[in-house]
Structure formats: structure tokens, C-alpha cells
Undergrad: 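I'd like to ask some things about the structure below.
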2 protein chains.
Amino acid sequence: MARSRDALTHDRVLQAALALADSEGLEALSMRRLGTELGVEAMSLYRHVPNKEALLDAMVDAIVHDWIDDEAVPAADWRGRIAAIMHRAHATLLARPWAIELVTVRPRVGDGRLRYAEAITTALLEAGFTPQLAHHGLHIVDGTVMGFTAQQARRPSAAALGDRVHALYNGDLTADYPGISVTIREHHDHAEEYSLMVDLVIDGLARLRDGLLPPRTGSGASYVLSLA
Amino acid sequence: MARSRDALTHDRVLQAALALADSEGLEALSMRRLGTELGVEAMSLYRHVPNKEALLDAMVDAIVHDWIDDEAVPAADWRGRIAAIMHRAHATLLARPWAIELVTVRPRVGDGRLRYAEAITTALLEAGFTPQLAHHGLHIVDGTVMGFTAQQARRPSAAALGDRVHALYNGDLTADYPGISVTIREHHDHAEEYSLMVDLVIDGLARLRDGLLPPRTGSGASYVLSLA
DNA sequence: GGTGTATGCTTACGCCGTAAACTATGCCAC
DNA sequence: GTGGCATAGTTTACGGCGTAAGCATACACC
């Protein structure tokens, strides 16, 4: 058979998948489509990738991998180092919206993920956090990076919202929603708000370490619902 | 034709969908499967639901709707009220893992969502937050509820992880990952850790309002990547 | 030349959401 | 009653999906 100009490889498949997701979004990424993109039948891809899940995992790892470049983490104190990682991850994820869906939904442990976790953890340990608090802190940082970013990215734009939001803008629902009616006109961009959140989290971690954060709210166990 | 014992209604379809998702997860919820669950052909469902997306949205609204029961929000100060809502939402979501996927990925604005946003916003405004800070605060609270919870729920259990994690437990990777090797043995449950996060966030909001949270990390603009 | 192995193609299976057309039932005005 | 019409559910079918199984080609090495 006439061989294609360039042989298929795992890396070529991965790069094509990244490119396709970048240009047309995750939902356009099917094996058949990816095949035609590479001038090849869908089943040919399975010579280089065990299945689609594995391909998605490889895409995730490609994303997370450069959160911790050697030069990306400055030689600052723990606050600066953690902030730098958080901002870098945020920027990477917002630049590729589909990456958020993949990274948050597929928490596989790869090299990139481990290096990222290690960087956060050592920064906390060196800053005097106990192992237990460092463990919590990693989750808090990770939850903020992944969770807050995802929430930001998926927050519906005012344009895409329904009639009710227009009514809110017009002040027609002030009686029902007085608070939102006041605040809905506030605007700000994601980077700025994320920056605020990063500062809040890092400050909170420091206060946690120093015992300055009195528990006020209890464990919340009383709010557990009995679901029918 | 022999009519089924009970006529199909939008609500019966919705309840069956919730039950199916509860018992077998979101991926089991197909229109065909839902039909057989109700003793009916798949296409019959379309008399009561415009399409599957609308059904999922209805499921989301059913979840979010009881985050703000009238009795659920205690007559406490703003911290207590926000903490109560956050804990209630967290408990609801963790009790139904599939709900996390739906609620975070489908940010449609329904009544439940608005009441939830309103409760948070008014609590902040009454506590003396400026409209701008209240707007940020809503996003911070919402991001924590949705994002941190989602991150917790999807965090892979040690049992489900690969060889590398076992190696970490055994201390075989101490050279490569000294930090994680120390902290990986720490354990805690989700409710406890979430409680910590809630306290951290509420404390941070108060400090934000009072101008006690100095911006330390900059906007992070310098970390924006130029993606190939 | 012959053989082994890697690579890609063809076909097919069982899922999915849902459009379109059809059938069976219940109700109501005449 | 009876004709007409709305409602509820069925049947069939279309185009998509991931991928299992088997076949065809092409190259490397003897």
C-alpha cells in the first residue's frame, strides 16, 4: 500500500489530537475525525494508542507537564513560588478551554502531576508546615488551581444567559434578588480575580500554619442531608 | 393501546433519571435505558422532555434548588450563613457524585442558582462588602463550593492509583519526590478538609473587606504562556 | 527469494441521541 | 352516535460513536 508521506507515530497522533482540540474543541475529537485529520483511517490510530482514554490521558500529561518548567518556578520565598505555579497553571488552562475539562475530569497521576505536587509540597514543608498541614495545603492549592479555574472558565457569559439575566440588568427583579441586582453590573477579568483568590489562599495558608485561623464554622456534619 | 399503569409526566421522567443516576451513575443514563426503566420506549420520553440536555438541566436545578431551603440558612452572622450554605452544598454534592459533573459542567441559570447566588451576595453586602468585593466574593465562594468539591470528589483514591503511588508509599521515590514521600501518608476525610477550606475562605473574605490582605503576588500576567 | 513483523485498511457490532411517520386512545361539539 | 382532533406512545431509520477481528501490504533481514 502507498505509505503516507510521514509514518504515523504516537507523538504525531498526540500532536494532531492537541491541534484538533485547540481548533475545534474537545467534542470534535473523535477517532474517526482524528484519522481523517492525519489522512488515515480511524483504526490505524490504534496501532499507536491503546484506546481513546489513553490518548486523552496523554493530552492531560502534555498540559500539566509544563506547569513546572525548570525556569518557571522562581527562586522566591514559598509564597512567590506557589503563586508562580498557580498563575502558570491558570494561564495554561484558560488558554486551552478544553484542557480544563480533561485535567479536572481525568485526575491520573503522571510525571507532570507528581512534579507539580512535589513543588507545592516542598515549598510548604520548607516554610514550616507540618506534614499534615502540607498535605491539606497541597489539596487547597490544587483545588484552587483546578476548581476555581474550571469554575471561572465555565461561568456563563452575560451574553449567553437567558431572559432572567437581562431582567436582572434592567432592575426588573430587584424585589426578588436585591443583592444580585446591585452586584451584577460589576465587571472584572478572570486573571485579576484569580490573582485575588491566589493571594487569599496563600495568606490563608500562612495563617493556618501560624494558628491564626480559628475554626468558626464547625465540621458541617449537621448539614449532611438524608437523601431519599 | 394499553395505557401504562401510571401516565408518564415530566416529573416522573425527572425522578426516574435522578434515581437511575443515583443507582448506576451518569454514564448509565441514556434515553433508551431511561425508557426501559419506566417501561416505555425511548422516544416516548420526548413527549415530556424536549431533549436530553433539557433533562440534565432539570436534574441540575433539582440539586441546586435545596441548597437554600428556608430553614437551611440559620439566622447567624454572615460567616455562619455562608458557611452553612457552603457545607450544605458540599454535602449534597458529595452524596451524589454524578451531581458534581452535572452542576459544574452545566452552569445554567435557574431559580435555584439565583436564590443561592442571592443568599451569598446579600450576606456579603450586609456585612459591609462593597458591590465589587461582593461580586468577587460570590465567585470565590461559588468557585470553592463547586471547584474544591469537584476536585475532592475526583481525587483518585490511593487504591485506584498506579504503581508509582505504591512506590511512593514504600519510600522508593524519596530521592525524586522528597516532599510527597513525607506527606503521602497523611489522611483525612473530605468533610474535615472542606471545613478547613471554608474557614480559610471566609476568613480571607473578611480580611479582604478590611484591607488586611496585601497583594503580594502581582497579577500573574508575566506567567501567561505563548502557546504554540 | 523467502519469511517475519509492523503498519494500515476493511468490515462489522452494539451503543448513542433523535427526526419522522404511524397508531391507538380519550374527549368534545354536534 | 359520530366525526374531528389533540395526546401519548410506538416503530423505523439515520448518522454518529468506540473498537474488536481479520486482511493486505510493505519493509528488514536471512
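Below, chains carry the letters A, B, ... as their sequence lines are ordered, and counting in each starts from 1. No hydrogens, no waters, no symmetry mates; every other heavy atom, side chains included, goes into these values.
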Undergrad: Please list, chain by chain and in numerical order, all residues satisfying side chain to side chain contact (heavy atoms under 4.5 Å, CB included) with A62(A), sequence neighbours excluded.
TA: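 Applying side chain to side chain contact (heavy atoms under 4.5 Å, CB included) to A62(A) gives L18(A).
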Undergrad: Taking NE2 from H10(B) and P from dG9(D), how many angstroms apart are they, rounded to a whole number?
TA: 15 Å
Undergrad: Report the residues that fulfil side chain to side chain contact (heavy atoms under 4.5 Å, CB included) with N170(A), sequence neighbours left out, ordered by chain and then residue number.
TA: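 N170(A) satisfies side chain to side chain contact (heavy atoms under 4.5 Å, CB included) with D172(A) once adjacent residues are dropped.
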Undergrad: Enumerate, atom names and distances included, each donor-acceptor pair closer than 3.5 Å involving a side-chain atom of residues 34-46 of chain A, sequence neighbours excluded.
TA:
from: T36(A); atom 1: OG1; to: R33(A); atom 2: O; distance (Å): 2.8
from: E37(A); atom 1: OE1; to: R33(A); atom 2: NE; distance (Å): 3.0
from: E37(A); atom 1: OE1; to: R33(A); atom 2: NH2; distance (Å): 3.3
from: S44(A); atom 1: OG; to: E41(A); atom 2: O; distance (Å): 3.4

Undergrad: Return the value, rounded to whole Å, for the distance between atom CD of E41(B) and atom P of dA13(D).
TA: 15 Å
Undergrad: Roughly how many Å is it from CG in L8(B) to P in dT25(C), rounded to a whole number?
TA: 17 Å
Undergrad: Calculate the interatomic distance between L55(A) atom CG and dC17(D) atom P; express it in whole Å.
TA: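 After rounding, the gap between these two atoms is 15 Å.
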Undergrad: Do any side-chain nitrogens or oxygens of S44(A) fall under 4.0 Å of OP1 or OP2 in dC9(C)?
TA: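 For dC9(C), OP1/OP2 do have a side-chain N/O of S44(A) under 4.0 Å.
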Undergrad: When every nucleotide of nucleotides 12-20 of chain C is labelled 5' to 3' by its protein contacts under 4.0 Å (heavy atoms), B for base, S for sugar-phosphate only, - for none, what sequence of letters results?
TA: B---BBBBB
Undergrad: Rounded to whole Å, please give me the gap between CZ in R47(A) and C1' in dA26(D).
TA: 13 Å
Undergrad: Side-chain N or O of H48(B) versus OP1/OP2 of dG9(D): is the shortest distance under 4.0 Å?
TA: yes
Undergrad: Taking the basic N atoms (NZ, or NE/NH1/NH2) and the acidic carboxylate oxygens, is any pair closer than 4.0 Å for R106(B) and E101(B)?
TA: no
Undergrad: With sequence neighbours excluded, what pairs up with Y194(B) under the ring-ring contact (aromatic ring centres under 6.0 Å, His included) test?
TA: H87(B), H90(B)
Undergrad: Taking only residues two or more places apart in sequence, or in another chain, which ones meet E186(A) in a salt bridge (charged side-chain N to carboxylate O under 4.0 Å, His left out)?
TA: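 None.
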